[in-house]
Amino acid sequence: MEEEKEVMEEMEVEERVVEIEHPLPCLSESDTQGIIKGRDLFGYVGIEAVLDQMRRKTMKAGFEFNIMVVGQSGLGKSTLVNTLFKSKVSRKSCTPNYEEQISKTVHLQSVSHIIEEKGVKMKLTVIDTPGFGDQINNENCWEPIVQYVNEQYEKYLKEELNVNRKKRIPDSRVHGCVYFLPATGHWLRPIDVEFMRRLGKIVSIVPVIAKADTLTLEERLEFKQRIRQDLQANGIRVYPQKEYDEDAEDRILNDKIRENIPFAVVGTDKEHQVNGNKVLGRKTKWGIIEVENVAHCEFAHLRDLLIRSHLQDLKDVTHNIHYETYRVKRLNESNANGLALSPLTLENGHYIQEERSTF
């Protein structure tokens, strides 16, 4: 009898071991981070359908993208924006009887369009900065731009703090700033350094060399190297920043982009025949400069960055980094002083909070 009992106990132990070796696909209290993959499921659940749901909702609601172009007059800002979106979206193109005049001060003007492609709707807002860098004395010419960017953050913050806030807050925040550098072939100018140093802290900046067809390939390469040296020497942060890379895959992609910054671009909205095909290009005595040909200029790389690969990331960086930094700063100021949110005034390049009692 004792031998039979020992045999039965050994069999029970073996059964328990077998049960432990083949557990059911469930999460225990001690392992809340366990991963159940498709091969472990009993059958098809349909989790992947959430992507289709998100896609349908996004296509119905559409989305917003706000881009700012900054640079002195004559660098082709309007033309490049039209080339990017292959339509007349710039302020100059949309204003009837438009006449080019040099503004005495920096005035920010915006124009919005609804662009639809394959069922996807996007509200595009282009913010232009006429008058920037056009004066003899350009001291503090970046202040209206800094003020505008922060005003959009302030507007979004106030909507967010409303008791009965909107289901979807209108987003007028600047998601990206394309800064145009003249093709001088030299180093960055003091105004370029000061602007990008200040604006790089509050908005994603993408520097480009405008009208790059005025430089030879050797001059272009040397100029790009000098600009990168200037950016590093002055601690200027341009998009995409290394600290925002989420994983190794993003790092590899963004490293390739950083190697090409600043992008040497050429813009045009005119088509020409090349080998029987219509291409966007600039016609010269020596031939046609094809805008979308990477052997001629880097416009295609800029378009891919702003639209095809990093548009959503630009929006995410704006919301999660720049806006969040502004939001935390404003709320800390209000809590420390026991004040409600009040308008900010700009004095000597710094924001001063106007006191407003809550009582």
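Just so it is clear, the values below take in all heavy atoms, side chains as well, and ignore hydrogens, waters and symmetry mates.
Applying the 6.0 Å contact sphere to CD of Gln225 captures more than 12 heavy atoms from other residues, nucleotides or ligands.
Atoms OG1 and CG, on Thr184 and Asp192 in that order, are 8.0 Å from each other to the nearest 0.5 Å. Here the straight-line distance linking atom CG of Leu231 with atom CD1 of Ile261 works out to 8.5 Å at 0.5 Å rounding. Remark: Phe195 CZ to Ile145 CD1 distance equals 4.5 Å, nearest 0.5 Å. Interatomic distance, Glu271 CD to Gln273 CD, rounded to the nearest 0.5 Å: 8.5 Å. A distance of 7.5 Å separates CZ of Phe65 from CD1 of Ile307, quoted to the nearest 0.5 Å. Between the CD1 atom in Ile202 and the CD1 atom in Ile321 there is a gap of 15.0 Å [rounded to 0.5 Å].
Counting heavy atoms from C-beta on, the side chains of Ile191 and Gln72 never come closer than 4.5 Å. Inter-residue side-chain proximity for Glu218 and Leu221 is flagged as unmet; no heavy-atom pair is nearer than 4.5 Å. With contacts defined as side-chain heavy-atom distances shorter than 4.5 Å, the pair Glu324/Arg327 qualifies. The shortest side-chain heavy-atom distance between Glu116 and Lys121 falls under the 4.5 Å cut-off. With contacts defined as side-chain heavy-atom distances shorter than 4.5 Å, the pair Phe180/Phe132 does not qualify. The shortest distance between side-chain heavy atoms of Asn150 and Glu154 does not fall below 4.5 Å. In this structure the side chain of Arg258 reaches within 4.5 angstrom of the side chain of Lys242, judged on heavy atoms. Between Leu199 and Tyr179 the shortest side-chain heavy-atom distance does not fall below 4.5 Å.
Aromatic ring pairs are classed by plane angle as parallel below 30°, tilted from 30° to 60° and perpendicular above 60°; the pair Tyr153 and Tyr326 is tilted. Classified by interplanar angle (parallel below 30°, tilted 30° to 60°, perpendicular above 60°), the ring pair His310/Tyr239 is perpendicular.
For the residue pair Ser78 and Asp128, the shortest heavy atom distance occurs at OG-OD2, 4.5 Å. The minimum heavy-atom distance linking Val70 with Cys177 is given by the pair CG2-SG, 3.7 Å. Here the closest non-hydrogen pair linking Val208 and Val265 is CB-CG2, 4.1 Å. Across every non-hydrogen atom of Glu290 and Cys297, the tightest pair is O-SG, 4.3 Å. Across Ala210 and Ala183, no two heavy atoms sit closer than the pair O-CB, 3.6 Å.
Residues Leu215 and Ile288 do not share a hydrophobic cluster, clusters being chains of Ile/Leu/Val/Met/Phe/Trp/Tyr side chains in contact below 4.5 Å. Hydrophobic clustering of Ile, Leu, Val, Met, Phe, Trp and Tyr side chains at less than 4.5 Å, counting indirect connections, unites Met122 with Ile169. Tracing side-chain contacts under 4.5 Å through hydrophobic residues (I, L, V, M, F, W, Y), one reaches Val69 starting from Leu108; they form part of the same cluster. Clustering ILVMFWY residues whenever any of their side-chain heavy atoms sit less than 4.5 angstrom apart, transitively, puts Leu311 in the very cluster that holds Leu80. By the rule that hydrophobic residues join a cluster once side-chain heavy atoms approach within less than 4.5 Å of another member, Trp187 and Leu75 end up as members of separate clusters.
A salt bridge between Lys155 and Glu159 is absent, with no side-chain N of the basic residue lying under 4.0 Å from a carboxylate O of the acidic one. Ion pairing between a basic and an acidic side chain is recognised when a charged N comes within 4.0 Å of a carboxylate O; Lys256 and Glu259 show no such pairing.
Tested against Arg173 for a side-chain hydrogen bond (donor to acceptor under 3.5 Å, both in side chains), the candidates Glu64, His322, His319 yield a single pass: His319.
Using modelled atom types, one finds no donor on one side chain facing an acceptor on the other under 3.5 Å when comparing Gln147 with Glu143.
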Legend entry - Arg220 and Glu298: CA distance, side-chain angles, deciding distance, salt bridge (charged side-chain N to carboxylate O under 4.0 Å, His left out) verdict: CA-CA 11 Å; Arg220 183 191 301 178; Glu298 295 170 339; 5.6 Å; no
Legend entry - Chi angles and distances behind the side-chain contact (heavy atoms from CB on, under 4.5 Å) call for Ile257, Asn254: CA-CA 5 Å; Ile257 295 172; Asn254 291 339; 4.0 Å; yes
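His272 places a side-chain N or O within donor-acceptor distance of the main-chain N or O of Gly281, the cut-off being under 3.5 Å.
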